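Order of the sequence lines sets the chain letters (A, B, ...), proteins ahead of strands, with each chain counted from 1. Note that these values count all heavy atoms, side chains included, but never hydrogens, waters or copies made by symmetry. Here the structure is a predicted model, which means the values were calculated and not measured.
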Amino acid sequence: MTDHTSAALRSGLNNRYRVLEVHVVGGEGRDPEKHLVVSSSPSLRDTELCVLQNSWESVPVVPGDIIHLEGECNSGTWIINEQSGYLILYPDLLLSGTTISSSIRCMRKAVLSERFRGSECGSRQTLVGTILHEIFQQSVTNNLSPEKVEELANTIVYGQKYLKEMYHLKLKQTEIMQEIEEYLPSFFKWTEEFVHNPANQNKMQLKLPSEDKTGDCSSKVEIVDILDIEENIWSPRFGLKGKIDVTARVKIHRQCGVQSRIMPLELKSGKESNSIEHRSQVILYTLLNLERRVDPEAGFLLYLKTGTMYPVTGTRMDRRELIKLRNQVAFYLMHSTYKSAVGRQQSQLAALPPAIDDSQACKYCSQIHNCFLYSRAVEERMASVTFPPAMIPVIERETQHLKPSHLEYFSLWYLMLTLEMQSGDGKKGYKNIWMIPSLEREKAGDCAGNMIRTDQVQEVSEGQYLHSFQRKNGAVLGANLLVGDRVVVSGEENGLLGLATGYVREIGATKISCLLGRNLSKLPESTTFRLDHEEGDCGIGVPFENLSKLMKDSPVSEKLRNLIIDFHKPRFIQHLSSVLPPEAKEAVASILKGLNKPQKQAMKQVLLSKDYTLIVGMPGTGKTTTICALVRILSACGFSVLLTSFTHTAVDNILLKLAKFKVGFLRLGRAQKVHPDIRKFTEEEICRSRSIKSVMDLEELYNSQPVVATACMGINHPIFVQKQFDFCIVDEASQISQPICLGPLFCSKRFVLVGDHQQLPPLVQNSEARDLGMSESLFKRLEQNQNAVVQLTVQYRMNSKIMSLSNKLVYEGKLECGSEKVSNATANLPNLKMLKLELADASKTWLKEVLEPDKPVCFLNTEKAGCKPSDIGIISPYRHQLKVITDLMARLKESRVEVNTIDKYQGRDKSIIIVSFVRNSNDENLGALLKDWRRLNVAITRAKHKLIMVGCVPSLRRYPPLEKLLCHLQATSLTSYIFNLPAGAHESIHKCNIL
DNA sequence: ACTCTGCCGAGAGGA
């Protein structure tokens, strides 16, 4: 994407330029060149010239792009060629060292891996590799003796940290330990040679690029000090990021003298290949090092199996080629869609990097499924894309299980997800951390700057370090970071970006404590930090992954494709007796007793279903109660249940109820995000309290409960690799986008979606994606199969008059009150009499009327009142309005009244609801939010006893849903609902709030 | 043209 309008441009070391023009020069015997007219001034008036030569002209740069230039600029001209300079395309897109090194062999794979992150499912070797890394890193940092290393290996292998992975791969701890043992002798040999006894070692050839003079470059290398492990570096200069296994101070002994350098050391536990991929990784790490220290020029590759260490020098040529490769990958990632030049300018998916002709490499490729899928669903129709001839029949064969409808579904959703991801780009990216000073970002509340560390760093658990920060000047924090938020900790100084990531643990007036993945105590005490709220994009990986899974050639995926894409009719069995075990009958009957008729019907329908059931939970119809009863019945019948929802809060809502009935369950997900009363059911807590340290115990825990609950993004948990559930229940299903909702469905035989498509749909930011249908939930899509739908129509929230609104407008009269009591309930206003006396003066008669408990619905017309819409309200479509209201309420010292958006109020209720519609007749264009009748429906179904709506009637009439509502209000003979407010009425309305 | 919640990740090896 070329839209970087807000990007800050700079010259100097961190120079950013915008490309204004691109000219291809040369040909006719002359070497081709590309001339770029670039500018770093905000006005784009002062321009410079950038000349690309010696194959740099192949960089796919276009006008509008942001580039970073490295090298020298002489009188306004940059020369980037064989000898000097680098051009980095889209430098704010940081690519990891492994992404680039893997793109050497197959760029297509590298690009696919950026989208489909979970495809690499791990193996024994990778797990052993990870564990070996940790053992080595800790041993070398703490200079451990061989006995201590053995001990450490034991604690790690028989500890808690890698149990999940071992369970996932069905590996035993003893097996892993055995394999680890085999590595230790070579590791000891290496420490002898390079750390303890460097004088005895063999010489190695190490020629650093800066040493021009030829001659003897054989040297002895000595590791003097380990400065860091897992050092995380972000380099917006080279557009790179990475974690460096070991950062070591190294002495190079030569005939001509001794040199000291800080160099990266890359560990490998696999085959001693000294391959180009491995070497490239080291070279990229030397580039990353430039962010923090002098150019190391070289690094080392250490193969743990043999203890052999190879020096890797990054020549200019190596670096240049790797940067060019990075630019290409960056180009493909930034141009994953394009607008068709003709017609309606619709976005289309672009081709991936071409497939390579290497069946050997493809055989072991973890992305092969996605590679074939994309070629079949997207690229096949493109004239410009060709495949190696040998590959064509393979693609054909590997995708033959997919019908055209499946391929269409895939490409449409792939496109929509990509569009949505791009539109988040501006906000999401980490680039704000380096592009916006902390002080400025703090105003938006997303950052806390100028912080220093205070207390000792505590290692709370393996790899979790508790850090405390406070302002350098002791000032109060302005940030609105919340407990549980993810944060990125960086140094305020240059080059210290992304030092660590973690979670906010506690927030005080002047202090923040965070649980970070790395220990920062080694940094100088004077280091000042900034804590940036991480606006995650990682979640976007889950829907891509689910989409890919849906296209797999497996029975589960095939069944879901049939049901979801091809709308096969959901099947039901005839008789309850075949699912209801006799011994469960009594228990089930007693649970059913507490339910109303449609709720009972829903239970029955689910029990009879072979595929799926949709439960429409209209407002106030007891969705939570119903789900809770369903879980109890299903587990009484001996079924296993996977219980999910989009948000943690919704999951815990049900669990809180379930806990009362003593139904056992296991809650997955980070304890911090879980309701305090439910935390004791989380895997994390149980593992801690029972100090589970063996794969067997963990497996026992996973199998101990037939009911497992998680947020639906949490389906990458290893439990789901091995367990299949009888039923999956998805709450809030009408608010979840299809590819996310799919996730939990792979883990069960049947599913139940609970929701109400008349309420708000999944949130989609990108308008084009929305127009393409991205906000259609799976619930809505499947609702056309009416035989799978049960409606909960008996509601216990609203009194009859409030209910009648939405009943008329939305539910075609299907809603009914659960009891007389519900139907007639009015607001309890104990101070009303006193207040009425206060309001005796005639100008306020309207307020008296509004407050009458037997007028449950009223609409206050602000048209003539001159009352600013921005003065009133409790729920509102707009966040800005809420801010104004909250401030006013604070001035009136009223904090008990909850102020929130309509969207956030979905699923909740209150006795009295005041809706502020905000819109004023002066508004030139209609906003989109109020056009959505689902939002209106949510707004008018939150109140139990009294619904007060405030807004300018003539303005609101321009919105079709509100027009309908107002018409209905006028047409009803119950009472005159609409009041015309006199001037200055808004003050009184706040008094009304204080009731 | 105003609505916002989920995910731990860059890299663990394989040819």
* Asked: Out of B:dC8, B:dG13, B:dA10, which has the shortest distance to the side chain of A:Tyr503?
  -> B:dC8
* **Atom P, compared across B:dA10 and B:dG14: separation rounded to whole Å** => 23 Å
* Determine the contact category for A:Gly97: base if any of its heavy atoms lies under 4.0 Å from a base atom, sugar-phosphate if only primed atoms, P, OP1 or OP2 are that close, otherwise nothing. => sugar-phosphate
* Any chance you could encode DNA chain B as dot-bracket? Rule is Watson-Crick or G-U wobble with both distances under 3.5 Å; [ ] for pairs crossing earlier ones, | for another strand. => ...............
* Any idea which of B:dT5, B:dA15, B:dG11 is nearest the A:Lys904 side chain? -> B:dT5
* To do: Measure from CZ on A:Arg115 to C1' on B:dC7 and round the result to the nearest Å.
  => 17 Å
* Asked: Which nucleotide, B:dT3, B:dG11, B:dC7, lies nearest any side-chain atom of A:Met713?
  -> B:dC7
* Using a cut-off of strictly less than 4.0 Å, decide whether A:Ser96 has a side-chain nitrogen or oxygen near OP1 or OP2 of B:dG11. => yes
* Name the closest nucleotide to the A:Arg770 side chain, picking from B:dT3, B:dG6, B:dC8. => B:dT3
* Asked: What residues form a salt bridge (Lys or Arg N to Asp or Glu O under 4.0 Å) with A:Glu179, not counting sequence neighbours?
  -> A:Arg124
* Between P of B:dA10 and CG of A:Leu288, the distance in whole Å -> 12 Å
* Asked: How is A:Tyr303 classified with respect to the nucleic acid when contacts are heavy atoms under 4.0 Å: base, sugar-phosphate, or nothing?
  -> nothing
* To do: Would you name the heavy atoms of A:Val157 and A:Met166 that are closest together and state the gap between them?
  => O-CE, 3.6 Å
* Search all heavy atoms of A:Tyr162 against all heavy atoms of A:Thr130 and return the closest pair with its distance. => CE2-CG2, 4.0 Å
* Asked: Quick one: A:Lys164 NZ to B:dA12 C1', roughly how many Å, whole number?
  -> 17 Å
* **Selection from B:dT3, B:dG6, B:dA12 that lies nearest to any side-chain heavy atom of A:Ala711** => B:dG6
* NA contact type, A:Arg935, heavy-atom cut-off 4.0 Å: base, sugar-phosphate, or nothing? -> base
* Asked: OP1, OP2 of B:dG13 versus side-chain N and O of A:His278: anything below 4.0 Å?
  -> no
* Asked: Using a cut-off of 4.0 Å on non-hydrogen atoms, how would the nucleic acid contact of A:Glu114 be classed: base, sugar-phosphate, or nothing?
  -> nothing
* A:Tyr878 side chain, from C-beta outward: closest of B:dA12, B:dG6, B:dT3 -> B:dT3
* Asked: Which nucleotide in the set B:dG11, B:dT3, B:dA12 lies at the smallest distance from any side-chain heavy atom of A:Leu763?
  -> B:dT3
* Given B:dG6, B:dC2, B:dG14, the nucleotide with the shortest approach to the side chain of A:Thr649 -> B:dG6
* Asked: Out of B:dG13, B:dC4, B:dG6, which nucleotide sits closest to the side chain of A:Phe646?
  -> B:dG6
* Taking only N and O in the side chain of A:Ser269, is any of them less than 4.0 Å away from OP1 or OP2 of B:dA12? -> no
* **Whole-Å P distance, B:dC4 and B:dC8** => 23 Å
* Check every strand shown and say whether A:Lys268 touches a base, only sugar-phosphate, or nothing at a heavy-atom separation below 4.0 Å. => sugar-phosphate
* Asked: Does a donor on one side chain sit under 3.5 Å from an acceptor on the other, for A:His648 and A:Arg667?
  -> yes
* Asked: What pairs with A:Ser139 under side-chain hydrogen bond (donor to acceptor under 3.5 Å, both in side chains), at least two apart in sequence or on another chain?
  -> none
* To do: Return the value, rounded to whole Å, for the distance between atom OH of A:Tyr959 and atom C1' of B:dT3.
  => 14 Å
* Atom CD1 of A:Ile715 and atom C1' of B:dC8: how far apart are they, to the nearest Å? -> 15 Å
* **B:dA10 phosphate, OP1 or OP2, under 4.0 Å from A:Thr98 side-chain N/O** => no
* Asked: NA contact type, A:Asp245, heavy-atom cut-off 4.0 Å: base, sugar-phosphate, or nothing?
  -> sugar-phosphate
* To do: Would you mind telling me which of B:dA15, B:dA10, B:dT5 lies closest to the side-chain atoms of A:Tyr364?
  => B:dA15
* In whole angstrom, give the distance that lies between atom CG of A:Leu240 and atom C1' of B:dA10. => 13 Å
* Start at the 5' end of DNA chain B and walk down; is the nucleotide closest to A:Cys712 or to A:Gln360 reached first? -> A:Cys712
* Verify whether one side chain among A:Glu114 and A:Thr99 offers a donor that lies under 3.5 Å from an acceptor in the other. => yes
* To do: Using modelled atom types only, decide if a donor and an acceptor are shared between the side chain of A:Ser548 and the backbone of A:Phe544 within a distance under 3.5 Å.
  => no
* To do: Under 4.0 Å between any heavy atoms, over every strand shown, what does A:Lys363 touch: base, sugar-phosphate, or nothing? Just pick one.
  => nothing
* Asked: Can you name the closest pair of heavy atoms from A:Leu94 and A:Ser235 and give their distance?
  -> CD2-O, 3.5 Å
* Structure fact -> From CD1 of A:Ile902 across to P of B:dC2 the rounded distance in Å is 12 Å
* A:Gln281 versus A:Glu277, side-chain donor and acceptor atoms under 3.5 Å -> no
* To do: Look at the aromatic rings of A:Tyr303 and A:His278 and report parallel, tilted or perpendicular, splitting at 30° and 60°.
  => tilted
* To do: Would you kindly give the CD-to-P distance between A:Gln765 and B:dC4, to the nearest whole Å?
  => 11 Å
